Number of protein chains: 2
Amino acid sequence: MKIYNIRMMTIAVAAILLYASGCKPKNVNSAVSEDAAVKTYVAPGKYDEFYNFVSGGFSGQMSVYGLPSGRLLKVVPVFSVDPEKGWGYSEETKPMLNTSRGFIPWDDLHHMDLSQTNGEIDGRWLFANANNTPRIARIDLTTFRTAEILEIPNSAGNHSSPFITENTEYVVAGTRFSVPMDNDNGDVPINTYKQNFKGTLSFISVDKNDGNMQIAFQILCPGVNFDLSHAGKGPSHGWFFFSCYNSEQANTLLEVNASQKDKDFIMAVNWKKAEEYLKAGKGKKVSVKYAHNKYDDKTHSSKSETMTEVTMLDSKDLPGLCYLIPCPKSPHGCDVDPSGEYFVGSGKLAALIPVFSYSKMIKAIENKEFDGTYQDLPVLKYESVLYGEVQKPGLGPLHTEFDGRGNAITTMFVSSEIVKWNIKDLKIIDRQPTYYSPGHLCIPGGDTKKPNGKYVIVYNKITKDRYLPTGPELAQSAQLFDITGDKMKLILDFPTIGEPHYAQAVAADLIRNKSVKIFNIEQNGNPYASKGESTAKVVRTGNRVDVYATAIRSHFVPDNIEGVKLGDEVYFHITNLEQDWDIPHGFAIKGANNGELLIMPGETQTLKWTPDKVGIYPMYCTDFCSALHQEMSGYVRVSPAGSNVPISFSTGKNEPADSVKTTASVK
Amino acid sequence: MKIYNIRMMTIAVAAILLYASGCKPKNVNSAVSEDAAVKTYVAPGKYDEFYNFVSGGFSGQMSVYGLPSGRLLKVVPVFSVDPEKGWGYSEETKPMLNTSRGFIPWDDLHHMDLSQTNGEIDGRWLFANANNTPRIARIDLTTFRTAEILEIPNSAGNHSSPFITENTEYVVAGTRFSVPMDNDNGDVPINTYKQNFKGTLSFISVDKNDGNMQIAFQILCPGVNFDLSHAGKGPSHGWFFFSCYNSEQANTLLEVNASQKDKDFIMAVNWKKAEEYLKAGKGKKVSVKYAHNKYDDKTHSSKSETMTEVTMLDSKDLPGLCYLIPCPKSPHGCDVDPSGEYFVGSGKLAALIPVFSYSKMIKAIENKEFDGTYQDLPVLKYESVLYGEVQKPGLGPLHTEFDGRGNAITTMFVSSEIVKWNIKDLKIIDRQPTYYSPGHLCIPGGDTKKPNGKYVIVYNKITKDRYLPTGPELAQSAQLFDITGDKMKLILDFPTIGEPHYAQAVAADLIRNKSVKIFNIEQNGNPYASKGESTAKVVRTGNRVDVYATAIRSHFVPDNIEGVKLGDEVYFHITNLEQDWDIPHGFAIKGANNGELLIMPGETQTLKWTPDKVGIYPMYCTDFCSALHQEMSGYVRVSPAGSNVPISFSTGKNEPADSVKTTASVK
């Protein structure tokens, strides 16, 4: 009886405690799920802990996610037009997408790498590659905008890019498709690949102060396919490692013909040696045209400059510059551990993961432990450089990141899993399924000297049944694992924009306080800015009409314009006079064969319009800005060519509708 | 001692139970947060409960989110180009963005409405408006693709659109900006607004079988600004209600000049009466050009047709067609409750919310309770139609949805809150802050006869400090509230694409099982399809080169093409031979002044390329499709104009590189 009472009381008190804690009894599965729910939940108004910068792949853009919530915070336009933001449509941004072949509206952005100082993320810039029309972009992490795009000549399929050295001395860009060099005769049969097709590795220097990029040198290489790369660090600082496949030099049906050999290569490049050769005048100046585009936050506009020359170092003529290390089999990922001693080649058709030793490589070079040459380049003996092999890791190893606790995690594309292994003993510690076919993975700082091993994010290529179906086309998917324990725990699936390839993540604190909120209107250097409503005006110069307009809640000045004629080119220069965070204005005019403008506080942006029909054209603010946003509109009257309607415009004063300002035509 | 033991045991057992439940003791705040975490968490591999279709606003696209997770499942291109998906870049999709003014690359998509049968969501189609260049789109919810776009002539700022009747008899489209009619002389001074500017309301019929849209009729209206609308339902089926502001007919500085009057109007339109007038021949045929674009899933391509006529009903000449109901003050949202008896006007400058009664309106019309006319249209007495006013609801009421339990929820833009009130007694039940400045809101089915009152999602205009900063431009934000209890509980913030305006949500089960996974290759009716590798070929016709190519893991046939010359126009017709879900292939060629192609299983898509330089151009699959995806590539050789290199191409057999197939030129 007493025991019964005690039991009853115990249950009652436990029930009360459970109730008070807001927690219902549950089974183990739901407890696991609840634990994951709580771990990934970022309550309304709270900030995520990490920024996750994810490549958009075939979208050409870069996405910014918050972790652990997996929320998409922003899509930053980089290589593809974005009519929403006016990217590639406004006069100020059009030059950013210029190339030696003219304006290109799309590209394929595969990899990103954050700038580093002393081998750690410094939070200044993010670099990204354009794969199709070879280019490297620099994104400014104070504005989250693309600040610079540099075209890479003598390249095609700019894939082993844009990986960086530990002080951002260089960003590299390696060609995936070998091709005849830009100034060679390109009209050659494709089956003359072996004679006529070459690869290049470009080393792009980055100015420490302003980030300005320039091609320091290119290294001419045999015609193979360079796939991925990472820089050495610590002891191996001064070296760069590139995976390459198709050492068969096949040029058709690569699926079969480039998978013949048991081993392809990792190419180790001694870039300090390259610097010595350059100093010694061993570089050859090569005339070639490529574009260099820069956006200036002071003028809020960009310029495209045509470059005319690169300096080429020919790998086969310069001893000590490039060494080939055999690597099974069609290597893809090429990753360097935080210590800089180990580098990992992931052969996508290999049944093991080779781990190479930097110090063994140096000794092998010193001791000339060579296994002949390939295309005139020295091939080091596999065993002489090999630290060891991870046995039976799974099928289709692609990429490896590091947790900072002595472990590596590798994605297995074919067997759809991630595998955690110890860098020293090469023993497998854990494996977890992924859904499905993982490509890249990312640990915050996972390719630097100081990884933050709290999470790994895995970017999968196949989604299939993981989300509600959306027709034949499905989002690709990221999966977030907690890796703080021995076992990796899947805690969240989140869909992604485009096709995520490589990604970077960083503790939010490093970046968030540097974020620009507004542009200072006083410092607006755009030559078409109107810094106050009294300076708004409309000026005709021949058949060009410049509208210098202002936007502030909730009106444009001018909001009515007459005297535009068929045959005119009209430039709307809209200055957003707001100086509050998160008060953009938008601008669009009916029927314009163009995008819109989104103008941030303090900024000026320009939309070009060539009216094609007489009539009245409403224009309006496209970004809901105030309770009277719907009233933020105006009209443009377009008269026939030769009409004598003079330029006139409203002045923003609450005047009778017919007392508008009239300006004489200016020729 | 015994008591002590009992207490100890109780605590021990409680602790064990708590531990076993995976739940740590916590304070009330964290319990609330944990409760919200669990409510919004959708575990990896689990499906969301609702689809949330959200307008992209100035992005021009439509986003699909899962609820309650807030995960972005897909962005569907509608009115803006999308080089990622080839939307507006492939030959098959270019016609979809054609208008009477030619190709337009961008628009501003504000509102969406799901098709209904008997006043309930039927899950077939989703309609969306283009605000800037007036158009209505129909999205097919089996493919999640834009199936049809119809241009709306005689309109500007197509804003009170595309709301639908309870059996999808009509989709309406009302002009926000009044303008001279398209075929009037548009070269008129803007200050002749009152004489020359008109508004129109377009009623677009929807074919019950295939969804085909056509403009059944337009109603010519006074020159005011039509803002939003909703159809009657149940007893009020046959009527449509439109809010309109700027009854002042101002044409400059609307912020001030269109906010003068104490009341503007809701216009009640009797569309059954309109049908009678049409039958009686009261419609006037008006010649005007507009585009009608349709995508065909059998041919995987679209056509743009030019329409030449609309039938116009002049509201001022046709008694009983349109009535004006005074509504304070600059009304914006116009929402009809599930019963169809009540309609709500949200005056954005009003300090109350008027609720109108449909049955009182009918009586007032019968009893001729008029308050004069406005622009020749009868104005009903406010009090005669008013059911009652919600007093002190907050500041800046914008939009109202219904929970199906007799309550309405209204967003308050200025006071940044949502307010729940009872439709019958008009008493306020609850108010909750939102962050910040809410625009539209959405309850699944919240504008139909059968709302699902589990959640309300609020779409805010200002985000400011709610997420990690991303420079001057921030994502706009949605907030998810649990509304199953009396108090509305905020459980999740999630950022959104573009600027969300109206949204729709529906239980996933209604749609997900109808989702198309692949296109049947046997039924592919694209005239340029290659249904097998043996039919792949390259054909020259004058300076046009058609490449009939196939894609299947992991190769294109052909993968090498020679004989293309400068001055040629090359059309790559790529057929994806896969018949598995989620195995798209992509296609791009270096330096093309174009987007890419993403080709779904069984589909054919075409990229046009005009090479501008002699050389070797790599082409490749842009969507990581297999372990040998990197090998899925090829080359095109471009020779000088006049070169005698014949057309030749690889056949996909593992042949020596020089035994390619050569075709004679066809003139």
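A quick note: this is a predicted structure, and the numbers were derived from the prediction, not measured. The chains referred to below are lettered A, B, ... by the order of the sequence lines, with proteins before strands, and numbering in each begins at 1.
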Tell me, side chain or backbone of A:Asn246 under 4.5 Å from chain B's heavy atoms, or both, or neither? neither
Is there a donor-acceptor contact under 3.5 Å linking the side chains of A:Asp227 and B:Gln630? yes
At their closest point, which heavy atom of A:Phe144 faces which heavy atom of B:Gly471, and how far apart are they? CD1-N, 3.6 Å
Sidechain-backbone polar pair: A:Asp582 side chain, B:Thr463 backbone, donor-acceptor under 3.5 Å: yes
Less than 4.5 Å apart, side chain to side chain, heavy atoms only: is that true for A:Pro189 and B:Glu562? yes
A:Asn132, part contacting chain B, at a heavy-atom distance under 4.5 Å: both
If you define the side chain from C-beta out and look only at heavy atoms, does anything of A:Glu84 sit under 4.5 Å from B:Glu499? no
How close do B:His555 and A:Glu255 get, heavy atom to heavy atom, and via which atoms? ND1-OE1, 2.6 Å
Contact between A:Leu628 and B:Ser259 at the side-chain level, heavy atoms closer than 4.5 Å - yes or no? yes
Structural part of A:Thr142 lying under 4.5 Å from a heavy atom of chain B: backbone
B:Val38 and A:Glu34 have their tightest heavy-atom pair at CG2-CG, 3.5 Å
pair A:Val64-B:Leu468: side-chain heavy atoms closer than 4.5 Å: no
Using non-hydrogen atoms and a 4.5 Å limit, figure out which bit of A:Ile583 sits close to chain B: side chain, backbone, both or neither. side chain
Do you see a donor-acceptor pair shorter than 3.5 Å between the side chains of B:Thr252 and A:Asp559? yes
For B:Asp493, does its backbone N or O pair with a side-chain atom of A:Arg71 as donor and acceptor, under 3.5 Å? yes
Let me know if A:Thr99 has heavy atoms under 4.5 Å from chain B in its side chain, its backbone, both or neither. neither
Given a strict heavy-atom distance threshold of 4.5 Å, which part of A:Lys85 is in contact with chain B: side chain, backbone, both, or neither? side chain
Beyond-backbone contact of B:Tyr89 with A:Val81, side-chain heavy atoms, under 4.5 angstrom: yes
In terms of heavy-atom proximity below 4.5 Å to chain B, should A:Arg176 be classed as side chain, backbone, both, or neither? side chain
Chain B contact via A:Pro601 - side chain, backbone, both or neither, heavy atoms under 4.5 Å: neither
Would you mind reporting whether B:Phe197 and A:Ile616 have side-chain heavy atoms less than 4.5 Å apart? yes
Considering only heavy atoms and a distance below 4.5 Å, find which of B:Arg637, B:Arg512, B:Lys613 pairs most often with chain A. B:Arg637
Are the side chain of A:Asp623 and the backbone of B:Phe58 linked by a donor-acceptor contact shorter than 3.5 Å? no
Tightest non-hydrogen contact, residues B:Pro469 and A:Tyr47, listed as CD-CE2, 4.2 Å
With a 4.5 Å cut-off on side-chain heavy atoms, are B:Pro472 and A:Ile518 touching? no
B:Asn593 and A:Pro105: which non-hydrogen atoms are nearest, and at how many Å? OD1-CD, 3.4 Å
Interchain contact, A:Val638 with chain B, by part (heavy-atom threshold 4.5 Å): backbone
Salt-bridge contact B:Glu631-A:Lys348 (side-chain N to carboxylate O under 4.0 Å): yes
pair B:Glu596-A:Asp108: side-chain heavy atoms closer than 4.5 Å: no
Heavy-atom closest contact (A:Ala592 atom, B:Ile104 atom, distance): O-CD1, 3.7 Å
Hydrogens and angles aside, do A:Ser639 and B:Asp187 bring a side-chain donor and acceptor to less than 3.5 Å of each other? yes
Side chain, backbone, both or neither of A:Tyr635 within contact of chain B (heavy atoms, under 4.5 Å): both
The interface call for A:Lys464 against chain B, heavy-atom contacts under 4.5 Å, is both
For A:Ser633, enumerate each residue passing the side chain to side chain contact (heavy atoms under 4.5 Å, CB included) test, keeping only those at least two apart in sequence or located in another chain. A:Tyr620, B:Phe177, B:Leu254
Which atoms of A:Ala250 approach chain B - backbone, side chain, both or neither, heavy atom under 4.5 Å: neither
So what's closer than 4.5 Å to chain B heavy atoms on A:Val188: side chain, backbone, both or neither? both
Taking the side chain from A:Lys590 and the backbone from B:Gly157, do they hold a donor-acceptor pair closer than 3.5 Å? no
Proximity breakdown for A:Pro584 and chain B, heavy-atom pairs closer than 4.5 Å: neither
Considering only heavy atoms, which portion of B:Ile497 lies under 4.5 Å from any heavy atom of chain A: side chain, backbone, both, or neither? side chain
Look up atom CG in A:Leu474 and atom NZ in B:Lys74, then write down how far apart they are to the nearest 0.5 Å. 7.0 Å
